[in-house]
Amino acid sequence: MKHNFRKIEEKWQKKWEDARIFQAVDNSPKPKFYGLVEFPYPSGAGMHVGHIKAYSSLEVISRKRRMEGYNVLFPIGFDAFGLPTENYAIKTGTHPRIITDQNIAKFTNQLKKVGFSFDWDRVIDTTDEDYYKWTQWIFLKMFEAGLVFRSKALVNYCPSCKVVLSNEDSQGGKCDICHSDVVQKSKDVWYLRITQYADKLLEGLDQVDYPANIKQQQINWIGKSTGAFVNFSLDGLDEKLEIYTTRPDTLFGVTFMVIAPEHPLIDKYADRIANMDEVKAYRTECAKKTEFERTQLVKDKTGVKLQGIQAVNPVNGKKIPVFIADYVMMGYGTGAIMAVPAHDQRDYDFARAFGADIIEVIKGGDISKEAYAGDGEMVNSGFLNGYTNKKDSIARMLEELVKMGVGHAGVQFKMKDWAFNRQRYWGEPIPIVHCPHCGVVPVPYEELPLRLPPVENFEPGEEGESPLAKIESFVNCTCPKCGAKARRETDTMPQWAGSSWYFLRYIDPHNDQELADPEKLKYWMPVDWYNGGMEHVTRHMIYSRFWHHFLYDIGVVNTPEPYAKRSAQGLILGPDGDKMSKSKGNVVDPLDIVEAYGADTLRTYVLFMGDYGAATPWSDNSVKGCKRFLERVAGFTDLLSEDSETGKLETAFHRAIKKVSSDIEDMKFNTAIACLMSLTNDIYSLGKISREQLQIFIELLCPFAPHLCEEIWEFMGGEGFLSQHAWPQYDESKTVEAQTEIGVQVNGKVRGKVVIPTGAEKEEVFAIAKADSRIASLLEGKTLVKEVYVPNRLVNFVVK
RNA sequence: GCAGGAGUGGCGGAAUGGCAGACGCAUCAGACUCAAAAUCUGACGUAGGUGACUAUGUGUGGGUUCAAGUCCCAUCUCCUGCACCA
């Protein structure tokens, strides 16, 4: 049979669709499997081969699960709100709805051409009002629960996109979208109190099967630290300066304090600060620095002493100077620190630069050279003198601080509350009304969805206002509480909103009464296996875990954790080994490959190209290699034979079933395919294959190259869909040959090979090995010191 | 700086402490062909030898072991994440 991929791929895609064999069944008695892949952002550029690799893993696993008798939910959808579409709308004057619909149609067509076994009845689109109704519903539930708050804050603002960014979207001081410099700006910001869930998100990691590096990244992101808050009084003022420290036991070593340049205390006591001009100049300088620059100059500490302000160390009453310096961040802890130069390198560097005292309180280092952060005996520390255990000294200090009423134990997280608004059109409207009498009032549930109004001009306002602010009919409304004239919130939600719960909607995508039927949620959740990119393991995964924990707390879902298992694919690099990018011109379009070599070849190649989790460069030649392999498989139909000689391959087949089955589970797709290629070589060497063997072969290959395998099955006269066959089983006893060739070593070096009966006794094997003429000559005249036998693998003779 | 991961032929990559380089690509030779492509057969880490073979070889240096790509110590390089987090 020839591999006429153009004809057969279209044919089988249509047959599958007509027969609806990949549709998930609610309330089936079968065991369930929910396989999830990260739904794409439907960009104008269409799909990327990276998408194909990302989906192919769970595609293969889902197909195998169906063959194993599972009721499988393997859905797809579109995460379609977002800036690229809006920017394109501004540029072309086309409504984002139209652009989005076009792009979704394009993606859908592409995905179908690859033959993915998605359940197309459950497609979701986050920009569909029937979907975002429930995104808004969850927001209102959070509002009700006190998890939503509004605060005037210094925010990361991108002057180019005219939009407020979360800390996550502005890492390194660069806008995540347009890469221009981010500036700090004071704005009203909606926040989600994700920090309230920090501990739950941390503890939840114990219950899930994520790779260690992903767990570690999430732990680092949450960044929990335990320590103490301590109040220092300011000399001559009725004022407290609160600091956070992880080492309250070093309090006797404090020789100065440092506050962030943005610290509010500076303005409050501006008239007492003698060198206010100098302070102001320093603050201006700091404000100009990007976050990136601020973290680059690690070595050279800068700062200014606040003349006229002194703090008092609560444990010994010593008066100490207060500095402002940009190595202290307003965004972490209290924006103020107690400096212990003897035991913190940053404080040490600063003390050296500014001539501050350095007092040793922990023995063990050489503080004339550098700070000592290790353990040791406490000295110069009053009631702590003589303590040698850090834990004990911290506990004792906390006790004293509480007794004195100047401090207490506390925890800090690096994770910040989630800035949840954008001044943009193409997002979910935030369902809030601002009433002059009642203040902030939530839109009543029955008014959801709060729809995006039609707009002509998508340009944001000059001060970074949302385009919605210009739509009077949208803005003007009545207060749901008192009926007075009120104004709607005009900001929209960030792109992360819709993707924070999408996996729940797949379970019941057309429900207009509830987010999803509780019975269905109970049946399908949690997601059994979630595959996606490493770039989403912190932001997206932590946000969606947060939402899911919240929905668990209000009784919407049955498990606190949404994802039982997570895996991540490695990047596909360009043929030149660089990251694929339009500007480099090294992007591979998956549809080009489908048209030139077929979908089966593309699917097989992206899984064969290398270690699934590793970044691997694209190779057109290797694609051809996979095509060649499939052609050889198609050629099996010409080798069909009733000859008993085909029995020679029995062991190879049982081994292949075993290896392919376990390799798929371990995501070692490359070796699973290699095993089938190897078996193909064996079949061609023999020149014949039995009907039963060919059936097993195509059943094993079906998850990878389903169109070809279905076609072969039909050619063989098989009935029904191969995709609905049972997954083949192997017999362990038949995975071993009667005879095995083993290596024979002399002093650890391979000197020969002998054939032994599989499972032979040690003595018998040694006898066979010694009978080998070459081995015999090497052993002659030597003393045999030791004989090692690794069953069915090798023999090693140690001689002198 | 901290955390995690990786260094194996010309390339992508295989190897529960047990015959390094499976499988694929590229290359070379041969067959088929007027010729080319496709296909088929064979060779293919490096050095030496006509040859069966010998030596050597998994970033580098040590160690453990009958046996190390794999384990331990040290070291170099690269990648990813976090980063003046108090």
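We name chains A, B, ... by the order of the sequence lines, and we start the count at 1 in each one. Just so we're clear, the structure is a prediction, and the values are computed from it rather than from any experiment.
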K.L.:
Describe the nucleic acid contact of Q745(A) in one word from base, sugar-phosphate, nothing, applying a heavy-atom distance below 4.0 Å.
P.N.:
base
K.L.:
Within the structure shown, what part of the strands sits under 4.0 Å from K800(A) by heavy-atom distance: base, sugar-phosphate, or nothing?
P.N.:
nothing
K.L.:
Is there a side-chain contact between T604(A) and Y597(A), using heavy atoms and a 4.5 Å cut-off?
P.N.:
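Of all side-chain heavy-atom pairs linking Y597(A) with T604(A), none is under 4.5 Å.
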K.L.:
Measure the distance from CD on Q345(A) to P on C85(B) and round it to the nearest whole Å.
P.N.:
12 Å
K.L.:
Measure from the side-chain heavy atoms of L794(A) and tell me the nearest of C19(B), C66(B), A3(B).
P.N.:
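The answer is C19(B).
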K.L.:
Looking at C25(B), C84(B), A86(B), which one has an atom nearest to any side-chain atom of Y327(A)?
P.N.:
C84(B)
K.L.:
Are the aromatic rings of F766(A) and F797(A) close, with centres under 6.0 Å apart?
P.N.:
yes
K.L.:
Could you please name the partner base of C84(B), counting Watson-Crick and G-U wobble pairs only when both distances are under 3.5 Å?
P.N.:
none
K.L.:
Would you say G24(B) has OP1 or OP2 under 4.0 Å from some side-chain N or O of N681(A)?
P.N.:
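True: N681(A) side-chain N/O within range (under 4.0 Å) of G24(B) OP1/OP2.
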K.L.:
Contact class for G223(A) (heavy atom, under 4.0 Å): base, sugar-phosphate, or nothing?
P.N.:
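If one applies the 4.0 Å heavy-atom cut-off, G223(A) turns out to touch nothing in the nucleic acid.
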K.L.:
Could you give the CD1-to-C1' distance, from I756(A) to C19(B), as a whole number of Å?
P.N.:
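My rounded result for the distance is 13 Å.
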K.L.:
So, does R247(A) get its side chain near the phosphate of C85(B), meaning an N or O under 4.0 Å from OP1 or OP2?
P.N.:
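For C85(B), OP1/OP2 do not have a side-chain N/O of R247(A) under 4.0 Å.
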K.L.:
What interatomic distance, in whole Å, is found between C1' of U65(B) and the corresponding atom of G17(B)?
P.N.:
9 Å
K.L.:
Would you measure the distance from the C1' atom in G42(B) across to the matching atom in A55(B) and give it in whole Å?
P.N.:
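About 26 Å, rounded to a whole number of Å.
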K.L.:
In whole Å, what is the span from the CG atom of D663(A) to the C1' atom of C23(B)?
P.N.:
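D663(A) atom CG is separated from C23(B) atom C1' by 12 Å.
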K.L.:
Of the listed nucleotides (C66(B), C82(B), G12(B)), which one gets closest to any side-chain atom of P617(A)?
P.N.:
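From the listed options, G12(B) comes nearest.
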K.L.:
Between N747(A) and I673(A), which is nearer to the 5' end of RNA chain B once each is assigned its nearest nucleotide?
P.N.:
I673(A)
K.L.:
Are any of the side-chain nitrogens in E732(A) or K658(A) under 4.0 Å away from the carboxylate oxygens of its partner?
P.N.:
yes
K.L.:
Applying a 3.5 Å limit to both distances, which nucleotide forms a Watson-Crick or G-U wobble pair with A22(B)?
P.N.:
none
K.L.:
If you measure from the P atom in G5(B) to the same atom in G10(B), how many Å do you get, rounded?
P.N.:
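About 28 Å, rounded to a whole number of Å.
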K.L.:
Of the nucleotides C23(B), C25(B), C82(B), which has the atom closest to the A674(A) side chain?
P.N.:
C23(B)
K.L.:
For G42(B), which nucleotide in any strand shown is its Watson-Crick or wobble partner with both distances under 3.5 Å?
P.N.:
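Base-paired to C28(B).
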K.L.:
Please walk me through it: do K770(A) and E787(A) pass salt bridge (Lys or Arg N to Asp or Glu O under 4.0 Å)?
P.N.:
CA-CA 11 Å; K770(A) 285 174 191 165; E787(A) 296 170 312; 2.7 Å; yes
K.L.:
Rounded to whole Å, please give me the gap between NZ in K301(A) and C1' in G1(B).
P.N.:
11 Å
K.L.:
Please classify the nucleic acid contact of Q412(A) as base, sugar-phosphate, or nothing, using heavy-atom distances under 4.0 Å.
P.N.:
nothing
K.L.:
Please report, rounded to the nearest Å, how far the P atom of A6(B) is from the CG atom of D611(A).
P.N.:
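About 10 Å, once rounded to whole Å.
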K.L.:
Give a yes/no on whether any side-chain N or O of R751(A) is located under 4.0 angstrom from OP1 or OP2 of A55(B).
P.N.:
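The answer is yes; a side-chain N or O of R751(A) sits under 4.0 Å from OP1 or OP2.
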K.L.:
So, is R774(A) near the phosphate of A52(B), with a side-chain N or O under 4.0 Å from OP1 or OP2?
P.N.:
no
K.L.:
To the nearest Å, how far apart are F608(A) CZ and A22(B) P?
P.N.:
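In whole Å, A22(B) P lies 12 Å from F608(A) CZ.
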K.L.:
For the P atoms, the ones on G61(B) and on C79(B), what distance do you get once it is rounded to whole angstrom?
P.N.:
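Result for the P pair: 23 Å, nearest Å.
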K.L.:
At 4.0 Å (heavy atoms only), tell me whether A615(A) reaches a base, stays on the sugar-phosphate, or touches nothing.
P.N.:
sugar-phosphate
K.L.:
Using purine N1 to pyrimidine N3 plus N6-O4 or O6-N4 for Watson-Crick, or N1-O2 and O6-N3 for G-U wobble, both under 3.5 Å, which nucleotide pairs with A35(B)?
P.N.:
none
K.L.:
Would a line drawn from the ring center of F653(A) to the ring center of Y730(A) be shorter than 6.0 Å?
P.N.:
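No, too far apart.
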K.L.:
Counting only distance, no hydrogens or angles, is the base of C85(B) paired donor-acceptor with the side chain of K414(A) under 3.5 Å?
P.N.:
no
K.L.:
So what does F413(A) hit on the nucleic acid, given a heavy-atom distance under 4.0 Å: a base, only sugar-phosphate, or nothing?
P.N.:
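F413(A): no heavy atom of the nucleic acid under 4.0 Å.
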K.L.:
Could you please name the option among A14(B), C66(B), U39(B) that lies closest to any side-chain atom of R628(A)?
P.N.:
U39(B)
K.L.:
Would you kindly check if the NZ (Lys) or CZ (Arg) of K305(A) is within the cone defined by 45 degrees around the ring axis of F354(A) and under 6.0 Å from the six-membered ring centre?
P.N.:
no
K.L.:
Can you check the distance between G12(B) and U27(B), where both ends of the measurement are the C1' atom (answer in whole Å)?
P.N.:
16 Å
K.L.:
Angle class for the H536(A)/H540(A) ring planes (parallel below 30°, perpendicular above 60°, tilted otherwise)?
P.N.:
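Perpendicular: the ring planes of H536(A) and H540(A) meet at over 60°.
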K.L.:
In whole Å, measure the gap between the C1' atoms of G9(B) and G21(B) for me.
P.N.:
7 Å
K.L.:
Considering all heavy atoms of both residues, which atom of V799(A) and which atom of L784(A) are nearest to each other, and what is their separation?
P.N.:
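Result for this residue pair: CG1-CD1, 3.6 Å.
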K.L.:
I need the OH-P distance between Y605(A) and G13(B), as an integer number of Å.
P.N.:
9 Å
K.L.:
Between A29(B) and C66(B), how many Å separate the two P atoms, rounded to a whole number?
P.N.:
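Between the two P atoms, the distance is 49 Å.
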K.L.:
Under 4.0 Å, heavy atoms only, any strand: does N220(A) hit a base, just the sugar-phosphate, or nothing?
P.N.:
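It contacts nothing in the nucleic acid.
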K.L.:
OP1 or OP2 of G13(B) versus the side-chain N and O atoms of T616(A): is any pair under 4.0 Å?
P.N.:
yes
K.L.:
How would you label the contact of N670(A) with the nucleic acid (heavy atoms, under 4.0 Å): base, sugar-phosphate, or nothing?
P.N.:
sugar-phosphate
K.L.:
Specify the glycosidic conformation (syn or anti) of G9(B), with syn defined as within 90° of 0.
P.N.:
syn
K.L.:
Measure from the side-chain heavy atoms of Q217(A) and tell me the nearest of A86(B), A15(B), G81(B).
P.N.:
G81(B)
K.L.:
Just the rounded figure in Å: distance from C1' of C82(B) to CZ of R539(A).
P.N.:
13 Å
K.L.:
Need to verify one output field. Residue with the more 5' nearest nucleotide on RNA chain B, I337(A) or N213(A)?
P.N.:
N213(A)
K.L.:
Please report the distance separating the P of U16(B) from the corresponding atom of C25(B), rounded so that it comes out in whole Å.
P.N.:
24 Å
K.L.:
Does the side chain of Y244(A) get closer than 4.0 angstrom to OP1 or OP2 of A86(B) through an N or O atom?
P.N.:
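For Y244(A), the contact criterion (side-chain N or O under 4.0 Å from OP1 or OP2 of A86(B)) is not met.
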K.L.:
Strictly by Watson-Crick or wobble contacts shorter than 3.5 Å, is anything paired with U77(B), and which nucleotide is it?
P.N.:
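Result: A6(B).
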K.L.:
Tell me whether the side-chain N/O atoms of R632(A) come closer than 4.0 Å to OP1 or OP2 in U39(B).
P.N.:
no
K.L.:
Consider the side chain of V788(A), meaning its heavy atoms from C-beta on, and name the nucleotide among A14(B), C66(B), A86(B) that approaches it most closely.
P.N.:
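Minimum distance to the V788(A) side chain belongs to C66(B).
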K.L.:
Do the non-hydrogen side-chain atoms of K627(A) and D600(A) ever get within less than 4.5 Å of each other?
P.N.:
no
K.L.:
Is the shortest heavy-atom distance from the side chain of I194(A) to the side chain of M415(A) under 4.5 Å?
P.N.:
yes
K.L.:
Identify whether any heavy atom of K749(A) sits under 4.0 Å from a base atom; if not, whether one sits that close to sugar-phosphate; answer base, sugar-phosphate or nothing.
P.N.:
sugar-phosphate
